[in-house]
Amino acid sequence: MAMGILLVSHVPAIASGLQTLIKQVAKDVPITTAGGTSDGKIGTDLDHIQKAINDNPASELLVFYDLGSAKMNLDIAEEVSDKQMHVYDVAFVEGAYAAAALLEANVALDKIEAQLKPLKVK
Amino acid sequence: MLNVETLTKWMTNFENRITDQKDHLTELDRVIGDSDHGSNMERGVNAIKAAFEKTPPTDDLAQDFKTIAMAMLSKVGGASGPLYGTAFLEMAKLAKTDTDFGDLVEAAAKGIAKRGQAKPGDKTMLDVWAPAADLIKQNKLTDDAIDKLVEATKPMTAKRGRASYLGEKSVGHIDPGAASTGELLKAYLDARA
(Lines give C-alpha, C1' and ligand atoms only; values in the text may rest on other atoms or scores of the structure.)
Protein backbone atom coordinates (compact mmCIF):
# COMPACT_ATOMS: atom_id res chain seq x y z
CA MET A 1 0.00 0.00 0.00
CA ALA A 2 1.33 3.42 -0.91
CA MET A 3 -0.15 5.19 2.08
CA GLY A 4 0.44 4.50 5.74
CA ILE A 5 -0.14 6.07 9.12
CA LEU A 6 2.37 7.38 11.64
CA LEU A 7 1.36 8.07 15.24
CA VAL A 8 3.54 10.29 17.44
CA SER A 9 2.83 10.68 21.13
CA HIS A 10 4.76 11.79 24.21
CA VAL A 11 3.93 8.48 25.91
CA PRO A 12 4.69 4.98 24.54
CA ALA A 13 1.42 3.53 25.89
CA ILE A 14 -0.68 6.27 24.26
CA ALA A 15 0.87 5.58 20.84
CA SER A 16 0.59 1.80 21.13
CA GLY A 17 -2.94 2.03 22.60
CA LEU A 18 -4.11 4.17 19.71
CA GLN A 19 -2.46 1.77 17.27
CA THR A 20 -4.42 -1.11 18.87
CA LEU A 21 -7.64 0.87 18.52
CA ILE A 22 -7.23 1.78 14.87
CA LYS A 23 -5.88 -1.64 13.80
CA GLN A 24 -9.41 -2.84 14.56
CA VAL A 25 -10.80 -0.89 11.61
CA ALA A 26 -7.68 -0.84 9.42
CA LYS A 27 -5.90 -4.16 9.57
CA ASP A 28 -4.24 -3.72 6.16
CA VAL A 29 -2.98 -0.16 6.65
CA PRO A 30 0.71 0.04 7.62
CA ILE A 31 0.88 1.82 10.96
CA THR A 32 4.06 2.67 12.86
CA THR A 33 4.42 4.61 16.09
CA ALA A 34 6.91 6.83 17.88
CA GLY A 35 5.72 6.90 21.49
CA GLY A 36 8.02 8.61 23.96
CA THR A 37 11.71 9.33 23.45
CA SER A 38 14.31 6.92 22.03
CA ASP A 39 15.19 5.82 25.56
CA GLY A 40 11.57 5.22 26.56
CA LYS A 41 10.99 8.42 28.53
CA ILE A 42 8.03 10.79 28.23
CA GLY A 43 8.58 13.22 25.34
CA THR A 44 9.39 13.09 21.65
CA ASP A 45 12.69 13.13 19.83
CA LEU A 46 13.82 13.24 16.23
CA ASP A 47 15.64 9.87 16.27
CA HIS A 48 12.58 7.96 17.40
CA ILE A 49 10.31 9.71 14.90
CA GLN A 50 12.75 9.07 12.03
CA LYS A 51 12.92 5.39 12.94
CA ALA A 52 9.11 5.13 12.84
CA ILE A 53 9.07 6.90 9.45
CA ASN A 54 11.70 4.54 8.01
CA ASP A 55 10.12 1.41 9.52
CA ASN A 56 6.80 2.16 7.84
CA PRO A 57 6.66 0.31 4.48
CA ALA A 58 4.48 3.05 2.95
CA SER A 59 6.08 5.83 0.92
CA GLU A 60 3.42 8.39 1.84
CA LEU A 61 2.40 8.93 5.45
CA LEU A 62 -0.60 10.46 7.15
CA VAL A 63 0.74 11.70 10.46
CA PHE A 64 -1.08 12.32 13.74
CA TYR A 65 0.47 13.67 16.96
CA ASP A 66 -0.55 14.74 20.46
CA LEU A 67 1.22 17.87 21.77
CA GLY A 68 3.37 20.75 20.53
CA SER A 69 6.93 19.42 20.63
CA ALA A 70 5.85 16.36 18.63
CA LYS A 71 4.82 18.75 15.86
CA MET A 72 8.14 20.59 15.93
CA ASN A 73 10.14 17.35 15.74
CA LEU A 74 7.84 16.16 12.95
CA ASP A 75 8.46 19.36 10.99
CA ILE A 76 12.20 18.73 11.17
CA ALA A 77 11.77 15.03 10.27
CA GLU A 78 9.64 16.03 7.29
CA GLU A 79 12.34 18.42 6.05
CA VAL A 80 14.98 15.67 6.00
CA SER A 81 12.86 12.65 4.94
CA ASP A 82 12.42 11.35 1.39
CA LYS A 83 8.89 10.20 2.17
CA GLN A 84 5.91 12.38 1.50
CA MET A 85 4.30 13.32 4.81
CA HIS A 86 0.98 14.94 5.64
CA VAL A 87 0.91 16.17 9.24
CA TYR A 88 -2.58 16.89 10.53
CA ASP A 89 -3.30 19.32 13.38
CA VAL A 90 -6.44 17.41 14.32
CA ALA A 91 -7.77 15.63 17.40
CA PHE A 92 -5.27 12.78 17.85
CA VAL A 93 -7.57 9.81 18.47
CA GLU A 94 -10.52 10.83 16.30
CA GLY A 95 -8.34 12.03 13.43
CA ALA A 96 -6.16 8.92 13.26
CA TYR A 97 -9.19 6.65 13.61
CA ALA A 98 -11.12 8.36 10.81
CA ALA A 99 -8.12 8.40 8.46
CA ALA A 100 -7.32 4.74 9.09
CA ALA A 101 -10.88 3.59 8.49
CA LEU A 102 -11.04 5.59 5.25
CA LEU A 103 -7.64 4.35 4.03
CA GLU A 104 -8.77 0.79 4.65
CA ALA A 105 -11.81 1.51 2.47
CA ASN A 106 -9.52 2.87 -0.29
CA VAL A 107 -10.94 6.38 -0.05
CA ALA A 108 -8.87 9.02 -1.90
CA LEU A 109 -6.66 11.43 0.05
CA ASP A 110 -8.67 14.55 -0.81
CA LYS A 111 -11.82 12.92 0.57
CA ILE A 112 -9.98 11.85 3.71
CA GLU A 113 -8.68 15.39 4.20
CA ALA A 114 -12.20 16.77 3.84
CA GLN A 115 -13.30 14.45 6.67
CA LEU A 116 -10.38 15.53 8.84
CA LYS A 117 -10.98 19.24 8.42
CA PRO A 118 -13.66 19.65 11.13
CA LEU A 119 -11.42 17.73 13.56
CA LYS A 120 -8.74 20.43 13.58
CA VAL A 121 -7.99 21.43 17.17
CA LYS A 122 -4.44 22.86 17.09
CA MET B 1 33.87 37.19 15.09
CA LEU B 2 33.35 33.85 16.75
CA ASN B 3 36.29 31.41 16.57
CA VAL B 4 36.72 27.76 17.48
CA GLU B 5 38.45 28.52 20.83
CA THR B 6 35.56 30.69 22.00
CA LEU B 7 32.98 28.22 20.71
CA THR B 8 34.65 25.34 22.57
CA LYS B 9 34.83 27.35 25.82
CA TRP B 10 31.26 28.54 25.29
CA MET B 11 29.92 24.98 25.09
CA THR B 12 31.99 23.80 28.08
CA ASN B 13 30.63 26.73 30.13
CA PHE B 14 27.11 25.95 28.92
CA GLU B 15 27.45 22.33 30.06
CA ASN B 16 28.68 23.46 33.49
CA ARG B 17 25.95 26.06 33.88
CA ILE B 18 23.17 23.65 32.92
CA THR B 19 24.52 21.02 35.30
CA ASP B 20 24.56 23.65 38.09
CA GLN B 21 21.13 25.03 37.25
CA LYS B 22 19.41 21.72 36.47
CA ASP B 23 17.23 21.70 39.59
CA HIS B 24 16.34 25.38 39.20
CA LEU B 25 15.23 24.85 35.58
CA THR B 26 13.14 21.84 36.57
CA GLU B 27 11.54 23.85 39.39
CA LEU B 28 10.60 26.67 36.97
CA ASP B 29 9.13 24.03 34.65
CA ARG B 30 7.29 22.29 37.49
CA VAL B 31 5.24 25.43 38.13
CA ILE B 32 4.05 26.10 34.57
CA GLY B 33 5.11 23.05 32.55
CA ASP B 34 5.97 19.38 32.83
CA SER B 35 8.97 19.40 35.20
CA ASP B 36 11.47 18.08 32.68
CA HIS B 37 13.38 21.12 31.41
CA GLY B 38 16.35 20.60 33.75
CA SER B 39 16.85 16.94 32.90
CA ASN B 40 16.14 17.52 29.19
CA MET B 41 18.75 20.26 29.01
CA GLU B 42 21.21 18.12 30.95
CA ARG B 43 20.72 15.33 28.40
CA GLY B 44 21.30 17.89 25.67
CA VAL B 45 24.56 19.30 27.03
CA ASN B 46 25.84 15.79 27.78
CA ALA B 47 25.06 14.88 24.16
CA ILE B 48 27.00 17.95 22.94
CA LYS B 49 29.95 16.94 25.12
CA ALA B 50 29.87 13.35 23.81
CA ALA B 51 29.56 14.56 20.20
CA PHE B 52 32.58 16.87 20.57
CA GLU B 53 34.61 14.07 22.15
CA LYS B 54 33.89 11.99 19.06
CA THR B 55 34.23 14.84 16.54
CA PRO B 56 36.27 17.65 18.13
CA PRO B 57 35.37 21.19 17.03
CA THR B 58 37.48 22.65 14.23
CA ASP B 59 37.79 25.97 12.39
CA ASP B 60 34.79 24.88 10.34
CA LEU B 61 32.24 26.56 12.62
CA ALA B 62 29.32 25.59 10.37
CA GLN B 63 30.18 21.94 10.96
CA ASP B 64 30.66 22.54 14.71
CA PHE B 65 27.22 24.15 15.00
CA LYS B 66 25.73 21.26 13.05
CA THR B 67 27.28 18.79 15.49
CA ILE B 68 25.72 20.74 18.40
CA ALA B 69 22.33 20.91 16.63
CA MET B 70 22.19 17.19 15.91
CA ALA B 71 23.08 16.38 19.52
CA MET B 72 20.24 18.58 20.81
CA LEU B 73 17.76 17.26 18.23
CA SER B 74 18.54 13.62 18.90
CA LYS B 75 18.71 13.54 22.64
CA VAL B 76 16.46 16.21 24.16
CA GLY B 77 12.96 14.84 24.74
CA GLY B 78 11.03 18.07 24.94
CA ALA B 79 10.20 21.23 23.03
CA SER B 80 13.68 22.50 23.84
CA GLY B 81 15.21 19.83 21.56
CA PRO B 82 13.72 21.01 18.27
CA LEU B 83 13.98 24.67 19.34
CA TYR B 84 17.66 24.63 20.35
CA GLY B 85 18.32 22.23 17.47
CA THR B 86 16.81 24.72 15.03
CA ALA B 87 18.72 27.61 16.63
CA PHE B 88 22.07 25.86 16.14
CA LEU B 89 21.13 24.67 12.63
CA GLU B 90 20.39 28.28 11.65
CA MET B 91 23.76 29.33 13.11
CA ALA B 92 25.40 26.50 11.13
CA LYS B 93 23.86 27.80 7.90
CA LEU B 94 24.94 31.38 8.52
CA ALA B 95 28.42 30.48 9.82
CA LYS B 96 29.45 29.43 6.31
CA THR B 97 29.58 33.11 5.37
CA ASP B 98 29.21 35.15 8.58
CA THR B 99 30.50 34.42 12.10
CA ASP B 100 29.51 37.70 13.74
CA PHE B 101 27.93 36.66 17.04
CA GLY B 102 25.06 39.16 16.86
CA ASP B 103 24.17 37.98 13.36
CA LEU B 104 24.33 34.33 14.50
CA VAL B 105 21.98 34.97 17.43
CA GLU B 106 19.64 36.93 15.20
CA ALA B 107 19.48 34.03 12.71
CA ALA B 108 18.83 31.62 15.58
CA ALA B 109 16.00 33.83 16.91
CA LYS B 110 14.33 33.91 13.51
CA GLY B 111 14.58 30.12 13.23
CA ILE B 112 13.08 29.64 16.69
CA ALA B 113 10.19 32.00 15.90
CA LYS B 114 9.41 30.04 12.75
CA ARG B 115 9.79 26.57 14.26
CA GLY B 116 7.72 27.37 17.35
CA GLN B 117 5.34 29.73 15.57
CA ALA B 118 6.01 32.14 18.41
CA LYS B 119 5.97 35.92 18.53
CA PRO B 120 7.74 38.27 20.95
CA GLY B 121 5.73 38.46 24.18
CA ASP B 122 4.40 34.89 23.98
CA LYS B 123 6.46 34.00 27.08
CA THR B 124 8.96 31.70 25.38
CA MET B 125 12.71 31.47 24.90
CA LEU B 126 12.26 33.81 21.93
CA ASP B 127 11.75 36.65 24.44
CA VAL B 128 15.43 36.28 25.35
CA TRP B 129 16.92 35.30 21.96
CA ALA B 130 15.42 38.15 19.91
CA PRO B 131 16.25 41.13 22.18
CA ALA B 132 19.66 39.59 22.99
CA ALA B 133 20.58 39.75 19.30
CA ASP B 134 19.89 43.51 19.33
CA LEU B 135 21.86 44.02 22.54
CA ILE B 136 24.87 42.11 21.15
CA LYS B 137 24.88 44.34 18.08
CA GLN B 138 24.87 47.42 20.33
CA ASN B 139 27.63 45.86 22.47
CA LYS B 140 25.27 45.99 25.47
CA LEU B 141 24.84 42.32 26.35
CA THR B 142 25.86 41.80 29.99
CA ASP B 143 24.88 39.31 32.70
CA ASP B 144 22.54 41.97 34.16
CA ALA B 145 20.92 42.63 30.80
CA ILE B 146 20.37 38.88 30.34
CA ASP B 147 18.81 38.60 33.83
CA LYS B 148 16.43 41.45 32.95
CA LEU B 149 15.30 39.68 29.75
CA VAL B 150 14.70 36.43 31.63
CA GLU B 151 12.81 38.25 34.44
CA ALA B 152 10.71 40.09 31.85
CA THR B 153 8.97 36.82 30.95
CA LYS B 154 7.46 36.73 34.47
CA PRO B 155 4.43 39.03 33.91
CA MET B 156 3.72 37.62 30.45
CA THR B 157 0.83 35.25 29.70
CA ALA B 158 2.02 32.11 27.91
CA LYS B 159 0.72 31.82 24.34
CA ARG B 160 2.88 28.95 23.09
CA GLY B 161 4.20 25.75 24.60
CA ARG B 162 2.98 23.66 27.49
CA ALA B 163 2.48 26.70 29.75
CA SER B 164 -0.11 28.06 27.29
CA TYR B 165 -2.61 25.50 28.62
CA LEU B 166 -2.47 27.40 31.93
CA GLY B 167 -3.42 30.72 30.37
CA GLU B 168 -3.56 33.48 33.02
CA LYS B 169 -2.15 31.07 35.63
CA SER B 170 1.20 31.29 33.87
CA VAL B 171 1.53 34.96 34.89
CA GLY B 172 4.09 35.58 37.63
CA HIS B 173 6.49 32.78 36.67
CA ILE B 174 9.68 32.85 34.64
CA ASP B 175 9.61 30.84 31.41
CA PRO B 176 12.03 27.88 31.77
CA GLY B 177 13.20 28.09 28.13
CA ALA B 178 13.98 31.78 28.64
CA ALA B 179 16.00 30.85 31.75
CA SER B 180 18.07 28.20 29.94
CA THR B 181 18.65 30.60 27.03
CA GLY B 182 19.94 33.09 29.62
CA GLU B 183 22.46 30.45 30.76
CA LEU B 184 23.55 29.87 27.16
CA LEU B 185 24.20 33.58 26.64
CA LYS B 186 26.02 34.00 29.95
CA ALA B 187 28.15 30.99 29.02
CA TYR B 188 29.15 32.89 25.88
CA LEU B 189 30.03 36.07 27.81
CA ASP B 190 32.20 34.00 30.19
CA ALA B 191 33.92 32.35 27.22
CA ARG B 192 34.85 35.74 25.80
CA ALA B 193 36.07 37.17 29.09
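Any value given below was found using the heavy atoms of this structure, including those in side chains, with hydrogens, waters and symmetry copies removed. If you're wondering where the values come from, they're calculated on a predicted model, not measured in any experiment. Proteins get letters first, then strands, A, B, ... in listed order; numbering begins at 1 in each.
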[atom1] of [X]: more than 12 outside heavy atoms within 6.0 angstrom?
X: B:Asp59; atom1: CG; result: no
X: A:Lys83; atom1: NZ; result: yes
X: B:Gln138; atom1: CD; result: yes
X: A:Glu79; atom1: CD; result: yes
X: A:Lys111; atom1: NZ; result: no
X: A:Asp82; atom1: CG; result: no
X: B:Lys49; atom1: NZ; result: no
X: A:Lys122; atom1: NZ; result: yes

Part of [X] lying under 4.5 Å from any heavy atom of chain B:
X: A:Ser69; value: both
X: A:Ile42; value: backbone
X: A:His10; value: side chain

Practice task
Look at A:Asp39 together with B:Lys75 and state whether they make a salt bridge at an N to O cut-off of under 4.0 Å.
Solution key: no
Handout entry: Residue, of A:Thr37, A:Ile49, A:Leu67, that accumulates the most heavy atom pairs under 4.5 Å with chain B
Key = A:Leu67
Exercise for the section: Could you tell me which portion of B:Ser164 (side chain, backbone, both or neither) has an atom closer than 4.5 angstrom to a non-hydrogen atom of chain A? Expected result: neither
Problem - Structural part of B:Arg162 lying under 4.5 Å from a heavy atom of chain A - result: side chain
Problem - Shortest non-hydrogen separation from A:Met72 to B:Gly116 and the atoms involved - result: SD-CA, 3.9 Å
How long is the straight-line distance from [atom2] of [Y] back to [atom1] of [X], given to the nearest 0.5 Å?
X: B:Leu89; Y: A:Ile76; atom1: CG; atom2: CD1; value: 7.0 Å
X: A:Asp47; Y: B:Met70; atom1: CG; atom2: CE; value: 7.5 Å
X: B:Arg115; Y: A:Asn73; atom1: CZ; atom2: CG; value: 9.0 Å

